[in-house]
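This report refers to the structure that appears directly beneath it.
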Amino acid sequence: MTALGRWAAVVREALATAWAQPVASIVTIVMVAGMCATVLLTTGRTVGAEQAVLGSIDSEGTRSIVIRAEPDAGLDATVLERLAHIDGIQWAGAFGGPQDVTNIQFPGATKIPLRLVWSSQLEHLGITSLPPVADASVWASPSALAGLGMPDAVGGVVDGSGIDFAVTGRLTTPDFLAFLEPLAIAPQTADTRGIVSVLVIIADRPDLVAPVSEAAQSVLGVTDPTKVTLTTSENLAALRGMVEGQLDSFGRSLVIVIFGLTAVLVAAILYGLVMLRRKDFGRRRALGASQTLIIVLLLTQTGALALVGATIGSIAASIGLTASGDPLPGWDFVGAVALLSTTIGVIAALVPALAAARRDPLKELRVP
């Protein structure tokens with residue numbers, strides 16, 4: 001018989017034994033399912049909350065760096081070319097100073113501030129394509145369109161000097177640009193130069209906010225640094241590290257305690273079940289089964305039952321978290337807990353398996 005055939009025979013025998021002993025099998029499944037569900041309903045809930053909190057902290061608004069410059073500070077759109085050489089920047093956009101525009105059909109209507117914008121990643125603002133005359137096209141947020149009286153984002157605007165712009169599309173203002181609302185922007189081509197009033201930079205990660213801020217300040221190329229102010233979310237980045245560290249420490253400690261206690265209970269129950277089956281193991285040994293085979297049979301049987309229990313526990317816990325409205329910890333965490341629960345079950349069965357394999361077959365088969 002080949003090695004694969006021998007392993008297949010061992011698995012069949014282990015599954016048949018588990019099926020023939022429903023009480024022992026159910027107890028093992030319930031123990032592992034309870035262990036898995038307990039971890040997911042406690043630590044899993046904590047991990048889900050942590051991911052939700054960190055997801056909020058990691059939003060673009062908390063990774064933003066806002067640099068404001070007065071008109072005579074000397075900050076222009078060429079700064080984007082220099083920023084392109086700095087690592088750790090997800091997005092950068094330069095905005096000109098506000099210039100009031102009104103609906104071209106109603107010159108006396110509400111005035112909305114229009115800003116020229118330079119960026120190599122306009123799709124980050126929801127602008128996927130530009131018309132042939134991009135410099136004269138305007139995208140506006142719903143609040144800006146409402147002020148202009150253009151709910152359908154169709155029409156034109158005119159500034160105080162008589163320059164016309166065509167309203168091309170509706171803009172969904174990102175959270176990190178909410179301070180510019182009502183927002184109406186006119187995208188500019190790379191070869192168009194202009195004075196920059198607001199420079200917005202989004203760092204790749206919260207912990208990069210501080211170093212990116214320092215690097216950005218060094219390449220601004222302004223003539224008067226005293227007329228430039230910088231605002232960051234560095235404090236939120238520090239808060240993120242503190243929150244993550246505390247929640248991770250709590251989660252690890254809780255998992256260790258739960259798995260440790262459950263492993264002891266599983267080992268004790270399996271040992272008792274093995275002692276109840278000692279005559280069965282004695283017969284197997286008398287018929288020629290080796291100690292290794294007894295150990296492999298028990299571990300395989302326990303592993304299969306533990307896998308079933310981990311699956312049931314994971315599904316039940318996920319349903320419970322969903323029903324209670326708690327955030328799920330993520331399928332990678334659920335899968336890791338299920339795998340660890342199965343492994344703990346197999347490890348807990350090792351001591352009972354060794355005890356079963358070392359039983360003296362003559363002593364176990366002796367008739368009282």
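Note: hydrogens, waters and symmetry copies are ignored here, and every other heavy atom, side chains too, is used.
For the pair I89 and V212, the tightest heavy-atom approach, listed with the atom from each and the gap, is CG1-CG1, 3.8 Å. Contact record, A184 with V138: CB-CG1, 4.3 Å, taken as the closest heavy-atom pair. A73 and V222 get closest at one heavy-atom pair: O-CB, 3.3 Å. Of all heavy-atom pairs between G88 and L208, the closest is CA-CD1, 3.9 Å. Scanning all heavy atoms of the two residues, the minimum distance from G96 to W118 falls at N-CZ3, 3.9 Å. For the pair V196 and A77, the tightest heavy-atom approach, listed with the atom from each and the gap, is CG2-N, 3.5 Å.
A single hydrophobic cluster is not seen to contain both I67 and I195; linkage of ILVMFWY side chains at heavy-atom distances under 4.5 Å, directly or through other members, places them apart. If you chain together hydrophobic residues whose side chains sit under 4.5 Å apart, V27 and I29 never meet in one group. Under the 4.5 Å side-chain heavy-atom criterion for ILVMFWY residues, no single connected hydrophobic cluster contains both V264 and V32. Both I163 and V101 are part of a single hydrophobic cluster, where members link through side-chain heavy atoms under 4.5 Å apart. Cluster annotation: L305 is not connected to M35 through the hydrophobic network of ILVMFWY side chains, with a link wherever side-chain heavy atoms come within less than 4.5 Å.
With rounding to the nearest 0.5 Å, the separation of CG in L41 from CG in L321 is 5.5 Å. For the atom pair I112 CD1 and N103 CG, the distance stands at 10.5 Å (nearest 0.5 Å). Note that CD of E70 is 12.0 Å distant from CG of L75, once rounded to the nearest 0.5 Å. Rounding to the nearest 0.5 angstrom, the gap separating the CG atom in D72 from the OG1 atom in T223 is 7.0 Å. With rounding to the nearest 0.5 Å, the separation of CG in L145 from CG in L183 is 10.5 Å.
Using a 4.5 Å cut-off on side-chain heavy atoms (C-beta onward), I86 and L83 make contact. Within the 4.5 Å cutoff, side-chain heavy atoms of M150 are placed close to those of V157. Residues V198 and R115 meet the side-chain proximity criterion, which asks for heavy atoms closer than 4.5 Å. S119 has its side chain out of reach of H124: every pair of non-hydrogen atoms, C-beta onward, lies at least 4.5 Å apart. Within the 4.5 Å cutoff, the side chain of P182 has heavy atoms near those of the P113 side chain. The shortest distance between side-chain heavy atoms of V117 and W139 does not fall below 4.5 Å.
Ring-plane geometry between F176 and W91 is classed as tilted, the angle between the planes lying from 30 to 60 degrees on a 0 to 90 degree scale.
R68 contributes no side-chain N or O that, together with a main-chain N or O of T229, makes up a donor-acceptor pair within less than 3.5 Å. The closest donor-acceptor contact from the side chain of T172 to the backbone of R170 lies at 3.5 Å or more, if one exists at all. In this structure a side-chain-to-backbone donor-acceptor pair under 3.5 Å is present from S218 to A215.
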Criterion side chain to side chain contact (heavy atoms under 4.5 Å, CB included) on H85 and V219, from CA distance to verdict: CA-CA 10 Å; H85 300 287; V219 299; over 6 Å; no
Would you please test V66 and F179 for side chain to side chain contact (heavy atoms under 4.5 Å, CB included) and show each step? CA-CA 10 Å; V66 180; F179 67 95; 3.9 Å; yes
Is there a side chain to side chain contact (heavy atoms under 4.5 Å, CB included) between Q99 and L116? Walk through the geometry before answering. CA-CA 9 Å; Q99 49 183 312; L116 306 182; 4.0 Å; yes
Before you tell me yes or no, could you show the steps for L114 and D159 under side chain to side chain contact (heavy atoms under 4.5 Å, CB included), namely the whole-Å CA-CA distance, both residues' side-chain angles and the distance that decides it to 0.1 Å? CA-CA 9 Å; L114 172 68; D159 64 11; 5.9 Å; no
Kindly list each side-chain donor-acceptor pair under 3.5 angstrom involving residues 335-353, sequence neighbours excluded, with atom names and distances?
from : atom 1 : to   : atom 2 : distance (Å)
S341 : OG     : V337 : O      : 2.8
T342 : OG1    : A338 : O      : 3.0
T343 : OG1    : L339 : O      : 2.9

Could you tabulate the donor-acceptor pairs under 3.5 Å formed by side-chain atoms of residues 308-319, not counting sequence neighbours?
from : atom 1 : to   : atom 2 : distance (Å)
T311 : OG1    : L307 : O      : 2.8
S314 : OG     : A310 : O      : 2.8
S318 : OG     : S314 : O      : 2.8

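When T173, I185, L180 are each tested for a side chain to side chain contact (heavy atoms under 4.5 Å, CB included) with S141, only one passes: T173.
Partners of T78 by side chain to side chain contact (heavy atoms under 4.5 Å, CB included), not counting sequence neighbours, listed by chain and number: D76, R82, R193.
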